[in-house]
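Take a look at the structure below.
Computed over heavy atoms, backbone and side chain alike; hydrogens, waters and symmetry mates excluded. This is a predicted model, so every value here is computed, not measured.
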Amino acid sequence: MKKIIYLFGITLLVLSCEQPEVGYISDNIHSLQDTITVPRGVFYSSTPPAVEGSTYPMEWSITGITDKDGKPTTELQDLHEILTWTAPFDPTTDTTLELAMKKLKLSPQPSIIMNPVSGEFVFTQASKNVVNNDFIINVNAKNVRGERQLDKFTWVKMGPFVPVEFKTEMRSRLQLGKGGGVYDTGYTYSVLNDSDPKVAGVLDGTDPYITIVKISDEPKMAVNVKMIIADSHGAALDPNKVVFNYSGSQPLQNYHDNTIGTVLDAESTTFGLPAPPFPQYARNYSGNDAYLMYYLTTADAFTVDKAAFEADNGVKDWTNYIDPATGQIRNRAYIRWGVKINDSGTWEIKMKIPYTTKK
């Protein structure tokens, strides 16, 4: 009996000396995107993968890439010289071209990088050089508990280069003044986002109110953006009649915050950065709304084309909007841009204001 008790005690001692299991790694770690569609030549990041309760920290790496037929390829990992911003442009500090250029770096980069901590894929501007369209990515995930080899983790489909992204809603709006700085909406023309069917017309210059067209391949590395605000017939305003839209004592975010100097002529304001994308600086918002850029026009910029308005929208009572001093309809334009330009060269962005005639 004493021998049995002794052996039982030895067993308990051995068991108590065994190291307890540390951490957990799931057998079901997976990508939340079966297919990642990536526009060529644009900085883009994927959604972090699902670790299904695995213990953090995780360590991620790409272990191999194949084409759609399973043949190994290095095309996404080949290095290409690209000009990148090491930090976004900031008008409060980057007040000269020399200062802004210090944030630019020409360096060899792959088209795909996997964040070793989060597991996100990051696609760089080097992807503009990728020829093939479809790739299968194999990865490895590890933590304190162990590791998992995850073959065919996700499929990457390369899309065409997107020189202009429509990040959020743009508006060309006629506002009608009631006096005392109070305005009603008279008419709004909008382009919603990349999926809006009006986008094709905006980019080929045929849209009736908003166009965004590349007019020169120069400069090769930098980006210039020429903004024109015009009446509904296409007559461009003096740019001095295009003013900031204030919220309290500060202007809302605008393209003047995204340039090293401006160039004005009789009908446009040109902004410029030493490299795309444009714009980069947002003083009010984040996410897609960071691309909202606001302006107004002065009260003496336009007259309202009543005949055209009523032909399209029916008879309107204008009484509340008549300025008793002039007999004219009080009005101004509300201008809201919402695009991101990813390409170098010179771009013309033009907005016509509905039912207006330039004074």
Side-chain angles (χ1 to χ4, degrees), residues 91 164-177 181-193 196 198-199 201-203 205 207-213 224-248 250-259 262-271 278-279 281-285 288-305 309 321 329-341 347-359:
V164 181
E165 295 177 78
F166 293 76
K167 305 295 284 187
T168 189
E169 183 181 356
M170 296 188 292
R171 295 172 186 165
S172 172
R173 175 177 290 169
L174 169 64
Q175 292 186 323
L176 302 174
V182 178
Y183 285 85
D184 289 341
T185 297
Y187 185 86
T188 300
Y189 182 85
S190 63
V191 177
L192 298 179
N193 51 38
D196 195 312
K198 297 173 186 172
V199 163
V202 172
L203 293 175
D207 188 85
Y209 290 110
I210 302 174
T211 55
I212 300 173
V213 179
N224 290 335
V225 177
K226 180 178 182 179
M227 181 177 74
I228 299 173
I229 305 301
D231 69 12
S232 57
H233 311 286
L237 282 184
D238 176 347
N240 291 302
K241 293 185 182 293
V242 180
V243 296
F244 295 137
N245 187 345
Y246 276 81
S247 175
Q250 295 294 320
L252 293 173
Q253 55 197 37
N254 56 78
Y255 288 140
H256 284 74
D257 283 341
N258 285 274
T259 186
T262 56
V263 178
L264 275 69
D265 60 24
E267 60 179 29
S268 68
T269 304
T270 298
F271 311 99
F278 178 92
Y281 181 80
R283 65 167 69 208
N284 302 109
Y285 307 117
N288 285 342
D289 286 347
Y291 297 95
L292 289 171
M293 299 288 152
Y294 294 92
Y295 292 93
L296 300 171
T297 59
T298 57
D300 61 346
F302 301 117
T303 59
V304 176
D305 190 340
F309 185 98
Y321 309 115
I329 299 169
R330 290 178 289 246
N331 73 90
R332 69 181 182 186
Y334 170 93
I335 298 153
R336 172 173 144 158
W337 298 103
V339 295
K340 177 187 178 188
I341 297 175
W347 292 79
E348 179 189 275
I349 62 173
K350 185 173 183 178
M351 186 177 290
K352 298 178 185 178
I353 309 305
Y355 306 113
T356 59
T357 301
K358 175 185 173 181
K359 281 188 176 179

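- Two rings, from Y255 and F278, have their centers less than 6.0 Å apart.
- No cation-pi contact links K198 to F166, judged by a cut-off of 6.0 Å to the six-membered ring centre and 45° from its axis.
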Inset, instruction - Run the numbers on Y291 and V339 for side-chain contact (heavy atoms from CB on, under 4.5 Å), then give the verdict. - result: CA-CA 6 Å; Y291 297 95; V339 295; over 6 Å; no
Legend entry - Verdict with reasoning, T269 to H256, per side-chain contact (heavy atoms from CB on, under 4.5 Å): CA-CA 9 Å; T269 304; H256 284 74; 4.2 Å; yes
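- In terms of heavy-atom proximity, N331 sits nearest to F302 at ND2-O, 3.1 Å.
- At least one side-chain heavy atom of D184 sits less than 4.5 Å from a side-chain heavy atom of Y321.
- Considering all non-hydrogen atoms of both residues, A236 and I228 come closest at CB-CG2, 3.7 Å.
- For the residue pair I335 and I353, the shortest heavy atom distance occurs at CG1-CD1, 4.2 Å.
- A pairwise comparison of heavy atoms in D300 and K241 identifies OD2-NZ, 3.1 Å as the closest pair.
- Just one of K167, Q253, M170 meets the side chain to side chain contact (heavy atoms under 4.5 Å, CB included) condition when paired with W337; it is M170.
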Legend entry - Verdict with supporting geometry, Y334 and L296, side-chain contact (heavy atoms from CB on, under 4.5 Å): CA-CA 5 Å; Y334 170 93; L296 300 171; 4.1 Å; yes
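- Between Y355 and Y187, the ring planes are perpendicular. Angles over 60° get that label, and only those under 30° would be called parallel.
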